[in-house]
Number of protein chains: 2
Amino acid sequence: MASTRARIAVDAMGGDYAPQEIVAGAIRAAAELDVEILLVGEPERLESSLKQHTTTSNINIEIVPAKGVVGMHEEPVVGIRRKPNASINVAMNLVKEKRADAVVSAGHSGAAMAAASLRLGRLKGIDRPAIGAVFPTMLAGKSVIILDVGANVDSRPKYLEQFALMGTIYSKYVLGVEEPKVGLLNIGEEPSKGNDLALRTYQLLETNGQIPFIGNAEGRDVLSGRFDVIVCDGFVGNILLKFAEAVGEIMLQIVREELPQGLRGQIGTAILKPNLRRIKQRIDHAEHGGALLFGVAGVCIISHGSSQAPSIFNAIRLAKEANDHQVLDRIQGYKERSTKDGDRVSETSLGGNSEQ
Amino acid sequence: MASTRARIAVDAMGGDYAPQEIVAGAIRAAAELDVEILLVGEPERLESSLKQHTTTSNINIEIVPAKGVVGMHEEPVVGIRRKPNASINVAMNLVKEKRADAVVSAGHSGAAMAAASLRLGRLKGIDRPAIGAVFPTMLAGKSVIILDVGANVDSRPKYLEQFALMGTIYSKYVLGVEEPKVGLLNIGEEPSKGNDLALRTYQLLETNGQIPFIGNAEGRDVLSGRFDVIVCDGFVGNILLKFAEAVGEIMLQIVREELPQGLRGQIGTAILKPNLRRIKQRIDHAEHGGALLFGVAGVCIISHGSSQAPSIFNAIRLAKEANDHQVLDRIQGYKERSTKDGDRVSETSLGGNSEQ
């Protein structure tokens with residue numbers, strides 16, 4: 001899979017602004033990043049979208065035909081099976097056949113997960129895939145990756161342990177954090193705090209020598225910059241993710257409503273335009289691209305359904321980075337080493353407990 | 001308990017800024033609201049705090065002696081039992097003895113819960129107390145109450161059903177919402193979405209004729225104003241609450257960092273000072289007072305540990321409103337009626353299932 005230049009399969013038919021904005025983001029990525037783009041979708045519509053961008057040479061873009069799309073209200077697994085030629089299926093097949101290194105999709109995220117699981121399968125030693133989302137923190141330039149933000153509900157402790165391992169690798173090799181700090185999302189700092197899942201996960205994380213676990217992360221710690229990786233069940237992670245996205249928009253709206261009030265407000269706001277744009281950039285989730293699907297045998301970036309060209313561009317960059325830094329091989333390597341060494345608590349002392 | 005003028009017992013020793021800020025908030029409440037304040041704590045310290053406020057007549061304030069305080073790092077139940085004369089215990093006793101109508105505390109929230117449960121007991125028909133927090137929404141003037149934000153973890157469906165009922169009553173009679181809309185915090189809108197707790201709670205809420213349930217609320221819906229009451233397990237609610245509090249501060253910090261950048265930034269920011277103050281007010285959680293402990297046989301307001309005078313003032317107002325609108329009697333009334341009518345699904349068709 002390690003080619004010198006990453007080949008990214010882009011699901012051009014998925015998302016609220018498909019295909020125009022997806023194509024626009026892909027064109028920018030092909031021009032600015034060192035990648036080849038396989039644009040997957042209905043050829044006529046993609047040709048016509050491509051033609052609207054006369055300024056760019058489309059030399060690194062190839063169209064791969066697909067027919068249909070799994071709709072936002074279809075049951076994912078049903079949709080994936082019923083439409084074998086849907087763009088998300090064709091994109092996953094490209095990775096499976098090693099014609100592409102990664103997939104980017106802004107379509108139905110459940111469908112993308114289902115297609116990845118069914119067509120690519122899971123990495124060895126990983127029981128459940130997880131969606132990891134990178135959040136900006138209070139500390140400028142520092143991010144935190146939170147997983148799982150929605151692939152699983154009612155997780156078991158050992159799933160969260162695996163999420164912690166995958167998050168650590170991503171933080172280290174893609175985000176470039178030398179010594180990542182891992183936290184467990186919880187309702188208090190003390191090890192005795194939390195629900196049953198948190199209490200049992202704490203014990204696993206604390207005793208796993210491969211995970212740089214520093215303790216519980218409360219809601220207030222998520223964006224503080226104290227943690228590089230935070231693990232949680234997908235139920236709470238998904239609620240947190242969607243809340244965070246909405247809250248950013250609400251804050252911007254409050255600023256937009258209140259700032260220009262009155263004559264002073266109008267003058268001041270006009271003067272501050274460039275600064276306000278920077279504030280929007282720091283708050284806006286669109287700048288951050290997409291979430292990574294961890295644990296499947298391929299690099300998959302799941303973008304927000306409302307993604308426009310800048311988000312798609314960032315998602316493609318994310319896919320390229322995950323590929324270039326060999327995230328999959330490293331996860332696989334860690335898992336194999338840990339299984340060989342037998343130092344994983346969940347598989348040794350607690351391995352016989354099927355409820356674990 | 002329904003006196004013409006609410007008597008509020010204020011735990012003057014609890015919180016980061018006790019007793020000075022607590023006393024300051026209580027003095028303002030005594031002057032501006034139609035309440036009597038019972039200030040509970042060490043008499044000498046309270047006398048000396050009171051003396052610092054020469055401008056106000058302290059006619060509606062009485063000191064009730066207490067000794068000691070349950071510390072932030074004490075195990076709540078242990079602390080409550082070991083220190084019978086601690087301010088939180090004395091305050092709860094005042095309500096039990098009908099010398100006060102309500103308690104306000106910014107101390108250890110676990111200790112306040114434990115003291116309330118042990119000394120006041122639960123309302124009939126309520127299995128677990130819940131902490132309800134009122135959040136501002138995007139729609140100016142419209143709030144949403146979220147419960148539980150931390151009293152319980154690993155809740156059962158029938159607890160959430162009871163939370164929904166208590167939240168509905170609060171929304172209707174205290175917040176003045178004519179037809180409250182109740183939502184279940186979840187990861188998707190469809191009834192088929194969610195973890196085991198959410199799936200089973202959905203069925204209870206949907207079939208309970210006393211609860212105006214309109215469906216699932218995703219993370220993005222929390223502050224949208226679409227819902228008046230949102231119920232969830234205390235694990236996710238607590239994480240959401242602490243995240244929301246922190247995010248407001250982070251947003252303000254980003255605005256504070258970026259706005260004054262450069263010469264234009266400095267000029268514009270100076271011009272906009274009053275508008276920025278309004279933005280801070282809309283975002284800042286300190287304006288919103290405290291959380292209500294639902295389900296115990298007394299009105300208890302749990303304020304943030306970092307509460308200063310304005311928050312304490314708001315908390316006392318909240319306590320007065322809950323008392324004046326007879327929230328406890330109404331909850332008790334609903335519960336009794338529903339038990340008589342036998343229309344509660346959890347106690348009829350599913351009543352025999354102890355796992356419920």
Side-chain angles (χ1 to χ4, degrees), chain A residues 73 75 137-138 140 150 153-154 185-188 190 192 194-198 218-224 232-236 238-248 250-255 257-262 264-265 267-276 278-279 282-283, chain B residues 73 75 137-138 140 150 153-154 185-188 190 192 194-198 218-224 232-236 238-251 253-255 257-262 264-265 267-276 278-279 282-283:
Chain A
H73 290 285
E75 209 286 305
T137 74
M138 279 181 78
V153 296
D154 295 320
L185 193 60
N186 207 335
I187 59 170
E190 307 85 349
S192 62
N195 56 12
D196 182 61
L197 173 65
E218 293 188 77
R220 70 169 67 94
D221 301 317
V222 171
L223 305 183
S224 70
C232 58
D233 173 59
F235 188 83
V236 53
N238 182 270
I239 287 166
L240 202 61
L241 173 72
K242 289 180 181 162
F243 182 80
E245 287 175 356
V247 124
I250 291 170
M251 298 287 175
L252 288 173
Q253 190 189 310
I254 290 176
V255 172
E257 273 176 29
E258 297 292 343
L259 221 49
Q261 295 278 331
R264 286 172 66 131
I267 296 169
T269 306
I271 294 175
L272 285 172
K273 250 200 177 132
N275 299 35
L276 289 170
R278 273 208 311 279
I279 291 173
R282 277 184 67 176
I283 293 177
Chain B
H73 289 285
E75 210 285 306
T137 74
M138 279 182 78
V153 296
D154 295 320
L185 193 60
N186 207 335
I187 60 169
E190 306 84 349
S192 62
N195 57 11
D196 183 61
L197 173 65
E218 293 188 76
R220 69 170 67 94
D221 301 317
V222 171
L223 305 182
S224 69
C232 57
D233 174 57
F235 187 83
V236 53
N238 183 271
I239 287 168
L240 202 60
L241 174 72
K242 289 179 181 162
F243 182 81
E245 287 175 357
V247 121
E249 281 161 37
I250 291 171
M251 297 287 176
Q253 190 188 312
I254 290 177
V255 171
E257 273 177 29
E258 297 292 345
L259 220 50
Q261 294 279 332
R264 287 172 66 131
I267 297 170
T269 306
I271 294 175
L272 285 174
K273 246 192 182 142
N275 300 36
L276 290 170
R278 274 208 311 280
I279 291 173
R282 279 185 66 178
I283 292 177

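So that the names make sense, note that chain A is the first sequence line, chain B the second, and so on, each numbered from 1.
Using a 4.5 Å cut-off between heavy atoms, B/Glu257 contacts chain A through its side chain alone, with no backbone atom that close. Both the backbone and the side chain of B/Ala244 come within less than 4.5 Å of a heavy atom in chain A.
Most heavy-atom pairs under 4.5 Å with chain A: of the set B/Asn195, B/Asp233, B/Val255, this distinction falls to B/Asn195. Ranked by heavy-atom pairs shorter than 4.5 Å toward chain B, the options A/Ile250, A/Val247, A/Ile239, A/Val153 are led by A/Ile239. Considering only heavy-atom pairs separated by less than 4.5 Å from chain B, the leading option among A/Gly150, A/Ala246, A/Gly219, A/Ala270 is A/Gly219. Interface summary for chain B: among A/Asn238, A/Val236, A/Leu259, the most heavy-atom pairs under 4.5 angstrom belong to A/Leu259. When A/Glu75, A/His73, A/Lys273, A/Met251 are compared by the number of non-hydrogen pairs under 4.5 Å with chain B, A/Met251 comes out ahead. By number of non-hydrogen pairs under 4.5 angstrom with chain B, the leading residue of A/Asn186, A/Thr137, A/Leu276, A/Leu241 is A/Asn186. Options B/Val222, B/Ile267, B/Leu223 differ in how many heavy-atom pairs under 4.5 Å they form with chain A, and the most are formed by B/Leu223.
Between the B/Arg264 side chain and the A/Ile271 main chain, a donor and an acceptor come within less than 3.5 Å of each other.
Looking only at atom types and distance, the side chain of B/Gln253 has no donor-acceptor partner in the side chain of B/Glu249 under 3.5 Å away.
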Test B/Asp154 against B/Phe235 for side chain to side chain contact (heavy atoms under 4.5 Å, CB included), laying out the working first. CA-CA 8 Å; B/Asp154 295 320; B/Phe235 187 83; over 6 Å; no
